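Here the structure is laid out as structure tokens; the discussion comes afterwards.
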Amino acid sequence: MIRTHLIDALRAALAGCGVEPLPATIELGRPAHAEHGDWSSNVALVCAKAAGRRPRDLAGELAEHITADPPAHVRQVEVAGPGFVNFHLDDGWLHDVLRQVVAGGVDGYACADFGAGMAVNVEFVSANPTGPLHVGGGRWAAYGDTLCNILARCGYVPHREYYLNDRGRQMAAFAESLVARKQGAEPPEDGYHADYIAEWAAEMPDGADALEWGYARAHRDVADSVARLGVRFDTWASERALVQSGAVAAVLATLEASGAAYRADGATWLRSADGGDDKDRVLVRSDGEPTYLLPDIAYHADKLARGFELMIDVWGADHHGYEERLAAGVCALGNRREQLEIVLGQLVTVMRGGAEAKISKRAGNLVLLDDLVDLVGPDAARMTFLLQSLRSRQTIDLDVVAAQSMENPVFYVQYAHARICSLAATAAERGIARPPLDEVSLELLGDPRELEVLRTLHALGDVVADAARERAPHKLTSWVRELAGAFHGFYHDCPVLRSDIDPPLAVARLWLAEAARIGLVIALDLLGVSAPERMESLSPDDTEEAAE
RNA sequence: GCCCCCGUAGCUCAGGGGACAGAGCAGGGGACUUCUAAUCCCAAGGCCGCAGGUUCGAAUCCUGCCGGGGGCGCCA
């Protein structure tokens, strides 16, 4: 809105100054420092060379043009620094933001449509169905689910999928380990030695097929664990079903027929080196068994066959080397490289008792996602995973997390929401209703705290869009913490229902709080964190007890 | 040896071409006759790993080093 108007004004000014060709995009940003105005453009710096003028001179001409016929809310246009054009606006543009937030509401504000209905398959977690989910799996669960939420808000149609590697060597080793424990024996050397195997073996009915029973047990366990984080998969895709349907064999035949696969040394190879990989890779071993690669290619072909235009796979960084060979296989089937996008996340390191707990299900010493959720609750657990970029490694020290769970940023944000609800409830008790927005004197909102809330709310649309484009949900986490901070500051400095506050100002502030509530709910919903109406888990008494 | 990620305040991390680099936590000092102090405010804390390069402008992009993590199988 405001941004488009300013950019249009800049474009018109550039044309008026005889600059051509006009730049394809004109950047407009919010300066870090208040004295640089509300909005700022570097367009004079960017265009100066092509326009044959000094940046500050060009900026000055632009400022003159715009000042002659300023867009709505523009109070002053000035040149600053090396040649920035800075816009100083009146507060009205922020009052417009309040109106936009309220008009859009939880369902309509900060939505985008650039996804254009594209069907996107997002595959995440996909841990082998041979045991409960490790803490690290929670990172992928929280990330993938939130990414889907954000994509949906931008017009994509996301589909949450979990790929079950439900056949092959790992499943066999898992079943053998269950059988061994059931008989009171040690699992095989390369089997699963973690404690849960013994527990599950004890649950397993006599005469049960260990592989089938264990598979179902693990599948259910994983589904329950992610459900506690609010994650529900649309599809649990089965590798075994893919093999049994003949899809894997069909893909192999297609690859061989097209010459993308060839036989050598008794094995069947994919010409992945042609597709950007370091070297060719084995599809079928010389003993006739397929490697993981072949079913994976078939699986991704299957996703496309199901109508998805884009596949986003969320992988741990330890699978990094696998990306190019899979892409080579997918492309060898005639698909475009852009249809497969791999998001690599750095692994979670789990600490317990001062030592690193291993991730391997086989080695034991497992720290489960359920353990973390038991310890801090689903909201804090999910927020913890969403605090950081996937690019940086995350260390979760269970001892620290437990000790500091009350300091988790999630409560800071939830408290802001609870305060707004409490404010609304008190207003209702006192019979103070919010009149329709167009009858409210929003121009009374001019306190820096009030304006900061509105400025932050304005940014939400950009934050959501950026988070979707960059596959970076943590940007939303950062934003919602900012909004909560802005609201807490407002709440502290700007009384609403106090007797010395004039009714017109009180209702304007009530509407401001409502707008903040809408922003908080949008972001918390996207993050998959609850927005409670009151905070009950910690009373002041508990604080004192906790301090003892 | 090659490939990917990271290195920013004491700690955990944002920022990933734009102006004087931010937040939380820890530590120091202050604010509750209240709409919930799970809050707010002030002060302090930085060769943005190092060295070059590109640019009007580099924490940000490029190259090379150093340090940490991960990966380079007819394993999964």
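Since this is a predicted model, take the numbers as computed values, not measurements. The chains referred to below are lettered A, B, ... by the order of the sequence lines, with proteins before strands, and numbering in each begins at 1.
Note on P409(A): nothing from the nucleic acid sits closer than 4.0 angstrom, heavy atoms only. Looking at heavy-atom distances under 4.0 Å, R325(A) makes no contact with the nucleic acid at all. In this structure, S40(A) reaches the bases: a heavy-atom distance under 4.0 Å links it to at least one base atom across the strands shown. At the heavy-atom level, C421(A) lies nowhere under 4.0 Å from the strands shown. Within 4.0 Å of A267(A), counting heavy atoms only, lies at least one base atom of the nucleic acid.
Y412(A) has a side-chain polar atom (N or O) that falls below the 4.0 Å cut-off from OP1 or OP2 of rC40(B). Phosphate proximity of rC72(B) to H319(A): absent, as no side-chain N or O sits under 4.0 Å from OP1 or OP2. OP1 or OP2 of rA14(B) has not a single side-chain nitrogen or oxygen of K475(A) nearer than 4.0 Å. Phosphate contact (OP1/OP2 of rC56(B), side-chain N/O of R53(A), threshold under 4.0 Å): absent. The side chain of R419(A) places an N or O atom within less than 4.0 Å of a non-bridging phosphate oxygen (OP1 or OP2) of rA37(B). At rC35(B), none of the side-chain N or O atoms of R498(A) fall inside 4.0 Å of OP1 or OP2 (strictly under the cut-off). The shortest distance between the side-chain N/O atoms of R30(A) and the OP1/OP2 oxygens of rG18(B) is not below 4.0 Å. Using a 4.0 Å cut-off, some side-chain N or O of Y415(A) falls inside it from OP1 or OP2 of rA38(B). For rC6(B), neither phosphate oxygen OP1 nor OP2 lies less than 4.0 angstrom from any side-chain nitrogen or oxygen of Q346(A). A sub-4.0 Å separation between OP1 or OP2 of rG73(B) and a side-chain N or O of K279(A) is present. In this model, the phosphate group of rC35(B) is not approached by any side-chain N or O of S422(A) to a distance below 4.0 Å at OP1 or OP2.
Aromatic rings from Y415(A) and H488(A) are positioned such that their centres are separated by under 6.0 Å. Taking the six-membered ring for Trp, W39(A) and H458(A) have ring centres closer than 6.0 Å.
H33(A) qualifies as a stacking partner of the rC20(B) base, centre to centre under 5.5 Å and near-parallel within 30°. Aromatic stacking of F84(A) on rA19(B): satisfied, with centres closer than 5.5 Å and planes within an angle under 30 degrees. Remark: ring of H36(A) stacked against base of rA19(B); centroid gap under 5.5 Å, plane tilt under 30°.
Between the side chain of H488(A) and the base of rC40(B), no donor-acceptor pair under 3.5 Å is found. Within 3.5 Å, no donor on the side chain of D318(A) pairs with an acceptor on the base of rG71(B), nor the reverse. In the interface, the side chain of S392(A) is not paired with the base of rC6(B) through any donor and acceptor atom under 3.5 Å apart. If you check distances only, the side chain of R391(A) does reach the base of rG16(B) with a donor-acceptor pair under 3.5 Å.
Other residues, nucleotides and ligands contribute over 12 non-hydrogen atoms within 6.0 Å of the CZ atom of R30(A). Heavy atoms from other residues, nucleotides or ligands lying under 6.0 Å from CD of E189(A) number 12 at most.
Counting only N and O atoms by type, the side chains of Y262(A) and D280(A) include a donor and acceptor under 3.5 Å apart.
Across the strands present, rU60(B) finds no partner; the criterion is a Watson-Crick or G-U wobble pair with both atom distances under 3.5 angstrom.
Residue L164(A) forms a side-chain contact (heavy atoms from CB on, under 4.5 Å) with just one option from E239(A), H219(A), R240(A), and that option is H219(A).
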